[in-house]
Amino acid sequence: MIPGNHPRRKSLFLREKLVDGYKKGLVSDEGLIAHGRGEAFDYLIGERTREPAKKAIKAAAAALLLAKNPVISVNGNVAALAAESIAELAKEINGKIEVNLFYRTQKRAERVEWRLKNVGVGKVLGVNDADARIPELFSERRKVSVEGIYLADCVLIPLEDGDRCEALVKMGKRTIAIDLNPLSRTARKAHITIVDELTRALPLLIEEVKNLRVKDEAHLKLILESYNNKKVLGEMRKLINL
Ligand code: PTJ
């Protein structure tokens with residue numbers, strides 16, 4: 001359907017993927033709207049990974065490698081757009097994968113689990129074991145697995161809402177966001193924010209994890225210590241003139 005030489009082919013292809021995920025019951029109605037907001041920011045940043053995002057990706061890789069119990073949180077949009085990359089990243093960091101939905105229904109949680117298992121993920125948390133609760137959070141996102149997000153020391157939260165990001169930070173977890181909106185509360189509250197499109201950022205994050213795996217702990221800690229999220233977000237805002 002999309003002509004091979006269309007200048008915005010990739011963006012249109014992502015839309016198709018999301019709509020396909022919607023038809024398969026992975027994506028919420030609201031997820032389609034959220035994607036549109038992301039697209040608008042992506043247009044402004046030039047639909048490519050910018051330098052500040054690369055710094056965040058490096059810090060995120062270091063944080064994930066240093067973590068004792070890293071968990072990747074997956075919602076409907078993430079499952080529809082990037083299930084394969086999520087599976088690969090989890091393998092590379094020896095991390096867990098947990099389904100966590102804002103518009104949670106058991107049926108959709110099971111669909112997301114099905115999608116992840118389809119790309120080779122062995123164990124998916126958060127579907128039938130979301131028995132723990134994130135304190136001071138009132139959305140459905142508060143429901144988490146004890147084995148997963150509840151006890152995690154580092155959580156990757158792509159396409160998140162600000163409330164839960166803030167609550168995870170309050171719980172003392174190192175929190176890494178992927179969000180195209182550098183002004184969002186999630187972007188501002190997370191320890192590390194990758195302002196980039198999810199499907200572009202994840203392969204780069206996987207590559208960086210592979211690069212940094214051979215480095216010692218002191219090197220990884222130094223990367224984290226010299227990383228300044230506020231500064232990186234400021235650079236990103238400057239790039240898009242906000
Ligand atoms: O599947 P559920 O029920 O958990 O719902 C998922 C959504 C995304 C609908 C839910 O988390 C939500 O409402 O999110 P928000 O508050 O709209 O925030 C989503 C953020 O992700 C926004 O700041 C968007 O700019 C950003 N975003 C959207 N698509 C992408 C993105 N960031 C990176 N890559 C994208 N593809």
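Read the numbers this way: they start at 1 and go in the same order the structure lists the ligands and their atoms.
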S.K.: Check this for me: Asn94, atom CG, are more than 12 non-hydrogen atoms of other residues, nucleotides or ligands nearer than 6.0 Å?
M.R.: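 No, not enclosed.
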
S.K.: Walk me through whether Ser73 and Arg164 qualify under side-chain hydrogen bond (donor to acceptor under 3.5 Å, both in side chains).
M.R.: CA-CA 11 Å; Ser73 180; Arg164 189 175 72 132; 2.7 Å; yes

S.K.: When clusters are formed from ILVMFWY side-chain contacts under 4.5 Å, directly or step by step, what else is grouped with Tyr150?
M.R.: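 For the cluster that includes Tyr150, the remaining residues are Val71, Ile134, Leu137, Val144, Val146, Ile149, Leu151, Val155, Ile157, Leu168, Met171.
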
S.K.: Can you tell me which residue and heavy atom of the protein come closest to atom 3 (O) of ligand 1, and the distance to 0.1 Å?
M.R.: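 For atom 3 (O) of ligand 1, the nearest protein heavy atom is Arg108 NH2, 2.5 Å.
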
S.K.: Which atoms of ligand 1 have any heavy atom of Leu180 under 4.0 Å away?
M.R.: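 Listed by number with element, the hits are 30 (C), 31 (C), 32 (N), 33 (C), 34 (N), 35 (C).
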
S.K.: Would you mind checking which non-hydrogen protein atom is closest to atom 9 (C) of ligand 1, with the distance to 0.1 Å?
M.R.: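 Going by distance alone, atom 9 (C) of ligand 1 is nearest to Gly31 CA, 3.6 Å.
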
S.K.: Tell me which protein heavy atom sits closest to atom 5 (O) of ligand 1, plus the residue, atom name and distance to 0.1 Å.
M.R.: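 Looking only at protein heavy atoms, the one closest to atom 5 (O) of ligand 1 is Tyr103 CD1, 3.8 Å.
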
S.K.: Check this for me - ligand 1, Phe41, N or O atoms closer than 3.5 angstrom, yes or no?
M.R.: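 No - when backbone and side-chain N and O of Phe41 are compared with those of ligand 1, no distance drops under 3.5 Å.
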
S.K.: Under a 3.5 Å threshold, yes or no: a donor from one side chain and an acceptor from the other, between Tyr22 and Asp20?
M.R.: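 No - no donor-acceptor pair under 3.5 Å links their side chains.
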
S.K.: What is the closest protein heavy atom to atom 23 (O) of ligand 1, and at what distance does it sit?
M.R.: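 In this structure, atom 23 (O) of ligand 1 has Asp179 OD1, 2.8 Å as its nearest protein heavy atom.
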
S.K.: Among protein heavy atoms, which lies nearest atom 4 (O) of ligand 1, and at what distance?
M.R.: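 Atom 4 (O) of ligand 1 sits closest to the protein heavy atom Phe102 N, 2.7 Å.
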
S.K.: Clusters formed by hydrophobic residues whose side-chain heavy atoms approach within less than 4.5 Å: which one holds Tyr103, and what are its other members?
M.R.: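 In the cluster with Tyr103 are Phe102.
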
S.K.: Can you check whether a protein heavy atom sits less than 4.0 angstrom from atom 12 (C) of ligand 1?
M.R.: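 Within 4.0 Å of atom 12 (C) of ligand 1, no protein heavy atoms are found.
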
S.K.: Can you name the atoms of ligand 1, numbered from 1 with element, that are less than 4.0 Å from a heavy atom of Asn181?
M.R.: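 That gives atoms 23 (O), 25 (O) of ligand 1.
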
S.K.: Using a plain distance cutoff, I'd like to know if Leu198 has any nitrogen or oxygen under 3.5 Å from a nitrogen or oxygen of ligand 1.
M.R.: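 Looking only at distances, the answer is yes, because the N/O contact criterion of under 3.5 Å is met.
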
S.K.: Is a salt bridge present between Glu235 and Lys55, judged by a nitrogen-to-oxygen distance below 4.0 Å?
M.R.: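 Result for this pair is yes, salt bridge flagged.
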
S.K.: For atom 30 (C) of ligand 1, which candidate among Leu26, Asn77, Leu159 provides the closest heavy atom?
M.R.: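 The nearest heavy atom belongs to Leu159.
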
S.K.: Minimum heavy-atom separation for Ala63 to Ile176, with atom names?
M.R.: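 Closest heavy-atom pair between Ala63 and Ile176: CB-CD1, 4.0 Å.
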
S.K.: Does this structure show an ion pair linking Lys143 with Asp131, if we count only N-O contacts that are shorter than 4.0 Å?
M.R.: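 The answer is no: the pair does not qualify as a salt bridge.
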
S.K.: Should Thr199 and Glu197 be marked as a side-chain hydrogen bond (donor to acceptor under 3.5 Å, both in side chains) after you check the CA-CA gap, both sets of side-chain angles, and the distance that decides it?
M.R.: CA-CA 6 Å; Thr199 64; Glu197 201 285 314; 2.4 Å; yes

S.K.: Starting from atom 8 (C) of ligand 1, which protein heavy atom do you reach first, and at what distance in Å?
M.R.: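 Residue, atom and distance for the closest contact: Ala34 CB, 3.8 Å.
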
S.K.: What is the nearest protein non-hydrogen atom to atom 16 (O) of ligand 1, stated with its residue, atom name and distance?
M.R.: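 Closest protein heavy atom to atom 16 (O) of ligand 1: Glu160 O, 4.0 Å.
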
S.K.: With backbone taken as N, CA, C and O and side chain as the heavy atoms from C-beta onward, which portion of Arg141 lies under 4.0 Å from ligand 1: side chain, backbone, both, or neither?
M.R.: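 It is the side chain that gets close, since no backbone atom is under 4.0 Å.
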
S.K.: For the pair Thr49 and Asp196, evaluate side-chain hydrogen bond (donor to acceptor under 3.5 Å, both in side chains) and give the outcome as yes or no after the intermediate values.
M.R.: CA-CA 6 Å; Thr49 306; Asp196 197 16; 2.7 Å; yes

S.K.: Which protein heavy atom lies closest to atom 35 (C) of ligand 1, and at what distance to 0.1 Å?
M.R.: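 Looking at atom 35 (C) of ligand 1, the protein heavy atom closest to it is Glu197 OE2, 3.6 Å.
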
S.K.: Quick check: are there more than 12 heavy atoms from other residues, nucleotides or ligands sitting under 6.0 Å from CD of Glu30?
M.R.: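 Above 12, so yes.
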
S.K.: Would Asp196 count as a contact residue for ligand 1, given that I'm defining contact as a non-hydrogen atom of the residue lying under 4.0 Å from a ligand atom?
M.R.: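 It does; at least one heavy atom falls under 4.0 Å.
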
S.K.: Side chain, backbone, both or neither: which applies to Arg104 and ligand 1 if a contact is any heavy-atom pair less than 4.0 Å apart?
M.R.: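 The answer is neither.
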
S.K.: So is there a nitrogen or oxygen of Gly76 less than 3.5 Å from a nitrogen or oxygen in ligand 1?
M.R.: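 For ligand 1, there is an N or O atom that lies under 3.5 Å from one belonging to Gly76.
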
